[in-house]
Amino acid sequence: MAKRAIGSIGEWLTPRRLFVAFWLVLLILLPLVYRSMQQTSSGCVRCHGDKKLMEAEGVPHFYITKETVEKQSKHPDIECRDCHLGNGRTADKDIAHKGMLKAILISEDGDILNRKAIFNGPILPSGSNKIYELLPKTQQNGQLGVPYEVRNLLWHDRNLKTFNFDPDIAKKTCGKSNCHPQELKQFKKSTMGVNYRQRYMRTWTDPYGPHNCGPSFADLPAVDELKGASFSYKNTADIVRNLNVPFTHKQAEDKQKFCNICHAGCLDCHYTPTQKGGVHSFTKTPSAESCAGFGRGTSICHPGAMQSRRGETYIGGDYSIPTGMKPDVHYEKGIQCVACHPTGEKGMGDMERKASCQDCHLEIEEAHARGVHETLDCPSCHISELRGYQITIWGPGTVAGSPNPFKKYSLYYGIQSPPIIVKDQKGVWRPYKIWPHSVGNIKEDVPPSPALTFKWPNGETHDAYYTVGTFDNLSADNKHLLWLQLDQAAHPFGKARKCASCHAEKQSAQSTWEFFDNYGAYPFNGQHTIIADSESLRIEAMKNITPIELMDGTKLEDFASWLFLKDKWKIPGDFSIRADKDKYNQYLAWAKRIEYGLSKLDNISGTFSKTRLKQYKALRGAVLHEEERVREIEDFLKDNLNN
């Protein structure tokens, strides 16, 4: 039977069938071989691995070997084309670089700069200012500085026309089938990936009141899944309908491009070139610096939303606006952002906005929940100042080198302290960055809000606004739409503020600032006061304290409408912090006794055993948040003094 089977196979394998089988196998293999040839980076390695050639070409920093790339990127067997595309087979430079992805330098005019003409060197940290350390530097008047032409540095996964993160590029690179396709799929459905909250803003007043960032001028609509990176002009048409001056598609594009720069893609979080790690260094878990733009300036990632708008910082120092803010105590202990804001159930990019202290401070959280301040969130006591924008005026000016009705004059940078505490939509007291806004040339009257309004009533965020209304009778840019914006603050944590800073007849925060925009006027200083009491939340005593010198072709109404409207920013209502006087005095007396006991215990805590010290730290934190337990700290002090 065996011989017959073999014989049968032999009889079946005729020359004709072998010929057909050969061509079938060849047809199957040819596309695979062709694809493999296309994917090769042998041409890249042949040129860029030749040190003498790179030196002869005048780009010695582009010398790299495959082994170095694999080591720096922590991606074994990675090909140059996997990230940069282009043609990896040819030896012809122009053909090889056609369609190649590379870092993008953006000018103040919104144009893509020729990197070699501006800066012929590697993109690695340099200079002493941390928030600008990754921007290219050149020698200027004997000092190392960022060239005046450079505004932003973007990575390879951005659309060259809109500067949006481009999911189609990501699909060919980070999200390709043998790399991170699942992560890309998750990211495209996350709030961060779709940029939902900004794209949700269609006009200055729709679907809710105005916002510091402005509406989505020419961006794609808010969707559940990101599917493109182009412009859309539906919002543009709606904005124009309520505008007294022309606003073209080109002007809308210019505005939108700079908005898009802020918002993140894959590389913004995970590409981290360093002097030690090299130009191909990647990080699996983003650091706090990555969240803050990784040294690429103040208008990308969280420096825009966190440091400028909310006035916060986590890293401190150069990563604050103005610089010099103290870092968050958690950052000083080496805790990164993602430790408290981990990836949520939707996967990559679904960062949890709400952070809980109880994972690390359970005893304190439990004491706080029982204490008199149970409806007060932790940052209310532990943030002492907020920086960033102190005033924002939208008016005619120059955007991307061309006239535009929506120039954002936001560089009224300064400090307001202490933060005003306001009840959120759920009845929890929180610290808020509060600052006045206006936008000019609005056509129709906009009525005042009925009351302080929270943008997301269900508590997705705790940010709020109040539309003051429209005002005219100024000499230019009428009508002016005014609003107060209240952005919740959550950083930086530090020592608790004093009781009297809240428990007074009224809350009062002083704001001091300097205007130093490139347009409007030369730098000048000013100040105002933020008051919260039983009658209203309002801005008082707005004034410049140094002279205002106009630049050519500008008007005060364009960038400083507050000079004519300074008493208008007011929210009616009861914003006082009410407390029973006798009860407050009792708690204040307890607090003083606790402070005295803790100061004594702190002085002798160096003599405690490890067990005793652990007990003391737990008790210390709990008693500070539950003053009724004052006797416990006094008894603990007696016991240790007797010992």
Side-chain angles (χ1 to χ4, degrees), residues 82-83 85 101 104 154-203 206-208 211 213-239 252-253 255-271 282 284-286 290-291 300-302 304-305 337-338 341-354 455-461 463:
D82 289 334
C83 298
L85 302 183
L101 303 177
I104 309 165
L154 301 179
W155 299 136
H156 317 41
D157 53 5
R158 299 297 186 111
N159 183 286
L160 296 180
K161 182 179 180 181
T162 67
F163 302 156
N164 255 327
F165 167 70
D166 195 328
D168 291 334
I169 292 176
K171 188 177 180 179
K172 299 174 185 176
T173 54
C174 302
K176 63 193 299 183
S177 60
N178 59 335
C179 292
H180 308 288
Q182 192 61 33
E183 286 82 355
L184 176 61
K185 183 179 179 181
Q186 294 167 353
F187 181 72
K188 290 194 299 180
K189 295 181 180 180
S190 68
T191 300
M192 183 187 295
V194 301
N195 188 18
Y196 185 82
R197 291 193 176 94
Q198 178 61 31
R199 285 173 169 158
Y200 188 71
M201 275 297 299
R202 294 186 286 272
T203 71
D206 179 33
Y208 51 74
H211 189 277
C213 292
S216 185
F217 292 100
D219 206 356
L220 298 170
V223 291
D224 294 330
E225 180 177 0
L226 181 66
K227 294 183 178 179
S230 59
F231 290 125
S232 170
Y233 304 102
K234 184 182 185 305
N235 292 351
T236 313
D238 292 337
I239 292 167
E253 289 177 3
K255 284 300 305 176
Q256 193 60 53
K257 283 162 66 175
F258 286 133
C259 294
N260 293 344
I261 283 171
C262 254
H263 301 287
C266 307
L267 297 176
D268 291 305
C269 297
H270 297 286
Y271 177 48
F282 280 79
K284 183 176 182 180
T285 303
S290 288
C291 301
I300 190 165
C301 301
H302 284 278
C337 304
V338 294
H341 302 280
T343 301
E345 60 184 19
K346 294 181 181 178
M348 185 63 63
D350 181 34
M351 311 311 294
E352 292 188 3
R353 187 185 186 100
K354 297 177 181 177
K455 297 170 186 174
W456 301 88
N458 293 328
E460 294 92 333
T461 80
D463 298 341

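Remember, it's a predicted structure, so these values are computed and weren't measured experimentally. Basis for what follows: all heavy atoms, side chains included, without hydrogens, waters or symmetry-related copies.
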(message) Are the side chains of Ile169 and Leu85 in contact, using a 4.5 Å heavy-atom criterion?
(response) no
(message) Side chains of Cys291 and His302, heavy atoms from C-beta outward: is any pair under 4.5 Å?
(response) yes
(request) Please report the closest heavy-atom contact between Gly193 and Leu226, naming both atoms and the distance. (result) O-CD2, 3.4 Å
(message) What I'd like to find out is whether the side chain of Ile261 reaches to under 4.5 Å of the side chain of Leu154, using heavy atoms alone.
(response) yes
(message) Within the structure provided, determine whether Phe282 and Leu267 are in side-chain contact (heavy-atom separation under 4.5 Å).
(response) yes
(request) Work out which heavy atom in Leu220 is nearest to a heavy atom in Ser232; give both atom names and the distance. (result) CA-CB, 4.1 Å
(request) Inspect the contact between Asp268 and Arg158 and indicate whether a charged nitrogen and a carboxylate oxygen are less than 4.0 angstrom apart. (result) yes
(request) Evaluate the side-chain contact (heavy atoms from CB on, under 4.5 Å) criterion for residues Asn195 and Asn164: first the C-alpha distance (whole Å), next the side-chain angles of each, then the deciding distance (0.1 Å), finally the verdict. (result) CA-CA 10 Å; Asn195 188 18; Asn164 255 327; 5.6 Å; no
(request) Please test Met201 against Cys213 for side-chain contact (heavy atoms from CB on, under 4.5 Å), starting from the C-alpha separation and ending with a verdict. (result) CA-CA 9 Å; Met201 275 297 299; Cys213 292; over 6 Å; no
(message) Give me the atom names and distance for the closest heavy-atom approach of Arg202 to Pro207.
(response) NH2-CB, 3.5 Å
(message) Could you go through Val338 and Met351, starting from their C-alpha distance and side-chain angles, then the distance that decides it, and tell me whether this counts as side-chain contact (heavy atoms from CB on, under 4.5 Å)?
(response) CA-CA 8 Å; Val338 294; Met351 311 311 294; 3.8 Å; yes
(request) Report the C-alpha separation of Asp168 and Lys172 in whole Å, then their side-chain angles, then the decisive distance to 0.1 Å, and conclude whether the salt bridge (charged side-chain N to carboxylate O under 4.0 Å, His left out) test is met. (result) CA-CA 7 Å; Asp168 291 334; Lys172 299 174 185 176; over 6 Å; no
(message) Apply side-chain contact (heavy atoms from CB on, under 4.5 Å) to residues Leu184 and Cys179 and explain how you reach the verdict.
(response) CA-CA 10 Å; Leu184 176 61; Cys179 292; over 6 Å; no
